[in-house]
Amino acid sequence: MSKYPFKDIEARWQKYWEENKTFKVSEDPAFPRDKRAYVLDMFPYPSGAGLHVGHPEGYTATDIYCRYLRMNGYNVLHPMGFDSFGLPAENYALKTGTHPSITTQENINNFLKQIKSLGFSYDWDREISTHTSEYYHWTQWIFLQLYKAGLAYESDMPINWCPDCMTGLANEEVLDGRCERCGQQVERKNLRQWVFKITEYADKLLEDLDTLDWPDSVKAMQRNWIGRSEGANVVFHTEGGDPIEVYTTRPDTLFGATYMVLAPEHALVEKITTAGQKAEVEEYVRQANLKSDLERTELAKDKTGVFTGAYAINPLNGEKIPVWVADYVLISYGHGAIMAVPAHDERDWEFAKKFKLPIIEVLSGGNVEEEAFTGDGPHVNSGFLDGLGKEEAISAVIKHLEEKKIGTGAVNYKLRDWIFSRQRYWGEPIPLVHCEKCGIVPVPEDQLPLELPPTDNFHPSNTGESPLANIEEWVNCECPECGGKGRRETNTMPQWAGSCWYYLRYIDPKNTGRFISKEAEDYWMPVDLYVGGAEHAVLHLLYSRFWHKVLFDLGLVKDKEPFQRLINQGMITSFAYQRKDKSLVPTDQVEEKDDKYIEIETGEEVTQVIAKMSKSLKNVINPDDIIRDYGSDSMRMYEMFMGPLQVSKPWQTKGLVGVNRFLNRVWDIAEREITDEEPSKEMLKVLHKTIKKVNDDTRDLEFNTGIAQMMIFINEAYKLDECYRGLWEPFVLLIAPYAPHLAEEMWRMLGHEDTLAYETWPEFIEELTKDDEKEIVVQINGKVRCKMMLPAGTSPDEMKAAAHAQEKVKEWTDGKTIVKEIAIPDKLVNIVVKG
RNA sequence: GCGAGAGUGGUGGAAUUGGUAGACACGCUGGUCUUAGGAACCAGUACCUUCGGUGUAAGGGUUCGAGUCCCUUCUCUCGCACCA
């Protein structure tokens with residue numbers, strides 16, 4: 001059998017769809033609300049490396065779903081675009097002098113070619129790129145709305161600085177003390193920053209998670225990141241009268257506070273330190289400043305600290321307790337100071353043990369000499385709290401604190417404000433002007449977009465300012481308010497800015513007068529299904545939710561949440577080989593011999609393991625090669641056949657060959673003589689079972705099992721000599737979302753003139769999916785002993801009777817007492833015997 | 001440590017949610033056709049020595065019946081991690 005001519009077929013239909021704008025979509029009022037769907041892919045960053053096999057996975061899934069919806073009478077918005085601001089293009093420019101706009105456009109063109117070669121049904125008239133001024137006009141406009149709402153402020157706080165990327169980072173962009181993008185250790189650096197008050201939205205961001213159909217893991221990560229806790233603020237005073245405010249989730253343990261700790265950066269450290277302790281404290285603070293975040297968290301499990309010489313008074317019992325400085329207290333959380341209750345907090349317990357500080361039990365139930373007791377129990381040594389449990393005591397003590405005006409109930413978050421400015425060139429200019437007289441003045445909205453000035457000097461200035469600071473004619477401007485001397489903001493926006501609202505712009509991408517029209521937004525929003533990688537669980541998804549909520553509060557959009565349903569596609573991994581010492585061997589240095597994997601150089605046996613695709617392991621699959629050798633329909637189907645969409649799974653080119661073989665068989669049938677004769681009853685049954693299964697599985701995004709059912713159908717249809725129209729027309733429509741090029745070609749072979757993209761999805765006839773006879777399992781004591789064929793719907797009594805007529809049953813029940821008999825219609829009979 | 005999820009043949013994975021474990025595919029074995037095939041087609045393929053028995057990470061429980069429900073343990077993946 002010859003290979004089917006996928007090259008011709010795929011090129012022809014891609015051209016047809018493009019020329020006929022087959023998938024162009026409009027806000028057609030004829031579709032009722034429940035027949036409109038917005039299905040969105042996370043748009044890619046157009047990197048120089050091109051598409052990897054992970055991209056087509058999610059894109060194919062949504063494409064299949066969209067094609068399915070269209071054939072079921074839906075009006076489907078399915079757009080694609082590019083997240084095209086970002087550091088790699090700028091770093092490349094630094095190296096080569098090629099302007100980022102040039103490399104970016106080249107990369108976009110390459111991505112477009114690659115994406116289009118997979119035959120996705122995007123409405124390309126809605127394509128956007130975030131780096132174009134038509135787009136970032138409105139990114140800047142939205143920034144101004146946030147600014148005018150009082151949600152953006154300037155700050156001089158120390159921030160995370162990546163020396164490699166030469167820019168500040170948001171807290172979310174730092175992982176284990178390293179830059180999320182390049183892995184370089186981040187440093188602390190004092191820089192003027194623009195910051196968004198995302199913390200004002202902490203509660204809304206938390207609460208509304210409950211309304212979303214998202215994976216639990218993503219919701220959990222966001223909850224964890226927001227990190228809401230309830231407790232109390234309590235004010236202590238030093239003997240010298242300086243107030244030290246602390247936040248605690250356990251105000252009930254106040255009587256057990258035996259010392260206090262300030263973070264090394266705390267403003268009071270210098271003031272309260274006594275002369276005798278001064279040298280020691282200063283040295284400790286200096287050392288703490290030198291340590292990276294990584295060293296202060298990961299490596300510093302061993303507690304360190306220094307006594308300030310100062311004492312504070314416990315406001316509840318008047319006890320005098322020492323004040324220490326230690327870097328296990330973080331300046332960025334709460335007030336940067338704590339009351340330490342070693343008896344009931346593990347960290348404080350460790351510290352107290354090390355520095356021989358007193359441990360006073362105030363809640364019984366554990367042995368506080370052995371370890372901190374964090375459980376519940378009756379309070380002791382706690383004055384008016386004695387006898388109360390944890391929750392009651394917390395309420396009681398907060399009431400007491402508030403009455404005495406020495407503290408209040410309080411809520412705290414781990415979430416911190418979003419550091420929004422970047423000290424680089426290739427991003428949206430922040431549309432603000434610094435005026436000597438008027439202060440900070442927004443660029444008037446009618447002057448947007450504020451275009452990124454052309455330059456060939458992309459070097460960041462050493463002052464921590466962006467390269468824009470070097471472009472005199474751009475930086476110096478008139479103040480929009482007073483006409484006096486102004487200087488433009490030289491920071492640019494982070495890459496997240498463009499992706500914060502791109503899903504909105506798709507709705508009305510050509511609108512020059514407004515970011516989107518209300519009508520179009522009302523027609524499509526919210527996004528019904530959003531598919532993308534899990535790496536954006538916190539960053540992109542939290543930021544865009546924040547922007548959307550702000551736009552909602554400003555009355556600019558109608559929904560509180562942008563993405564109703566979210567699915568993370570699993571990563572496509574690859575096989576690699578591991579030596580005994582767990583080190584990995586590149587794929588090209590291993591050969592298979594007698595079912596064993598051998599490292600060629602050493603002759604040692606290695607084991608096959610699953611690993612991420614990486615250049616160093618030589619196990620990267622390039623989609624272009626696969627499409628060239630097997631066609632994009634094979635590529636699409638294989639990626640869906642590998643396993644469930646949501647889980648990670650290893651690429652096996654052998655598996656793809658199997659899918660390609662399947663499509664060749666499909667083609668083989670399509671080329672047979674077409675007959676209008678009625679197909680056999682058996683074949684009709686297989687067909688209708690297939691329609692049912694493929695319909696349900698496509699609807700539920702369980703593509704792997706849907707494909708398996710199509711294979712079952714083809715295995716049967718392959719045995720026939722002719723191509724029965726009655727079987728083939730429905731089948732071609734079923735496979736169309738999965739292998740659209742091949743399906744279009746076969747549809748034409750069946751004599752149809754038009755694209756099948758809007759044909760009616762086949763319906764199954766329930767009656768035809770049912771078997772007349774069912775195989776019934778007969779069990780004795782739960783073990784299968786024999787099987788029998790009975791008419792479907794046979795009554796339990798008749799089933800039991802039929803079972804007893806079986807030879808095997810007689811053998812197994814002979815001479816034994818029948819205790820119980822269970823019959824499940826169309827399934828099984830179980831006879832329980834004794835003796 | 002905390003949170004989320006997962007452990008099924010040689011491999012990727014199925015199993016209508018408590019009812020025949022291993023669908024479909026890869027690989028492998030044998031065969032057919034070929035000058036040849038790393039092509040195509042057909043058949044077989046969980047394990048064990050036969051009647052039969054054993055099998056879904058391990059152990060226990062509920063049930064006529066457990067991959068599926070409950071308890072205990074182990075392993076792996078991902079995320080967070082001195083957040084007071």
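Side-chain atoms are counted along with the backbone in the values below, which use heavy atoms only and exclude waters and symmetry mates. Residue numbers start from 1 in every chain, and the chains themselves are labelled A, B, ... in the order their sequence lines are given, proteins ahead of strands.
- The nucleotide whose nearest atom lies closest to any side-chain atom of A:Tyr328 is, among B:C24, B:C82, B:C80, B:C82.
- Here the C1' atom of nucleotide B:C82 and the CG atom of A:Asp345 are 9 Å apart, to the nearest Å.
- Spacing between atom CE of A:Met571 and atom P of B:G12 amounts to 16 Å, rounded to whole angstrom units.
- A:Lys800 comes within 4.0 angstrom of no nucleic acid atom, judged by non-hydrogen atoms across all strands.
- Heavy atoms of A:Asn781 sit nowhere under 4.0 angstrom from any nucleic acid atom.
- Here the nucleotide nearest the side chain of A:Tyr718, chosen from B:C41, B:G53, B:C80, is B:C41.
- Each of A:Ala708 and A:Lys783 has a nearest nucleotide on RNA chain B; the 5'-most of these lies closest to A:Ala708.
- The aromatic ring centroids of A:Phe351 and A:Tyr259 lie less than 6.0 Å from each other.
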Reading RNA chain B 5' to 3', how would its secondary structure be written in dot-bracket notation, given Watson-Crick and G-U pairs with both distances under 3.5 Å, brackets [ ] for crossing pairs and | for partners on other strands? (((((((..(((......[....)))((((((.......))))))(((...)))..(((((..]....))))))))))))....
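- The side chain of A:Phe575 approaches B:U11 more closely than any other nucleotide in the set B:A84, B:U11, B:G53.
- Counting non-hydrogen atoms under 4.0 angstrom, A:Tyr413 reaches nothing in the nucleic acid.
- Atom CD in A:Gln709 sits roughly 14 Å away from atom P in B:A23 (whole-Å rounding).
- B:A4 atom P lies 18 Å from atom CH2 of A:Trp214, rounded to whole Å.
- Atom-to-atom, NZ of A:Lys390 to P of B:A84 comes out at 12 Å; the value is rounded to the nearest Å.
- Distances shorter than 4.0 Å separate some side-chain N or O of A:Lys820 from OP1 or OP2 on B:C64.
- When distances are taken from the side chain of A:Ile338 to each of B:A4, B:C24, B:A84, the shortest belongs to B:A84.
- Distance CZ (A:Arg250) to P (B:A84): 12 Å, rounded to an integer number of Å.
- With distances taken from any side-chain atom of A:Arg665 to the nucleotides B:A15, B:G79, B:C42, the minimum falls on B:C42.
- Rounded to whole Å, the distance from CZ on A:Arg661 to P on B:A40 is 5 Å.
- Summarising the geometry of A:Ser574 relative to A:Met613, their closest heavy-atom pair is CB-CG, 3.6 Å, with the distance given to 0.1 Å.
- Look at A:Lys808 and you'll find a side-chain N or O under 4.0 angstrom from OP1 or OP2 of B:G52.
- Nearest-nucleotide positions on RNA chain B for A:Ser648 and A:Val538 put A:Ser648 closer to the 5' end.
- A distance of about 12 Å separates the P atoms of B:G22 and B:U45, rounded to the whole Å.
- Using a 4.0 Å heavy-atom criterion, one finds that A:Lys649 contacts the sugar-phosphate atoms exclusively.
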Provide a list of protein-nucleic acid N or O atom pairs under 3.5 angstrom, restricted to nucleotides 18-22 of chain B.
unit_1, atom_1, unit_2, atom_2, d
B:U20, O2, A:Lys787, NZ, 2.9
B:U20, N3, A:Glu775, OE1, 2.9
B:U20, O4, A:Glu775, OE1, 2.9

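- Contact check, A:Asn715 against B:A25: a side-chain N or O comes under 4.0 Å of OP1 or OP2.
- The separation between A:Ile610 atom CD1 and B:G13 atom C1' is 11 Å, rounded to whole Å.
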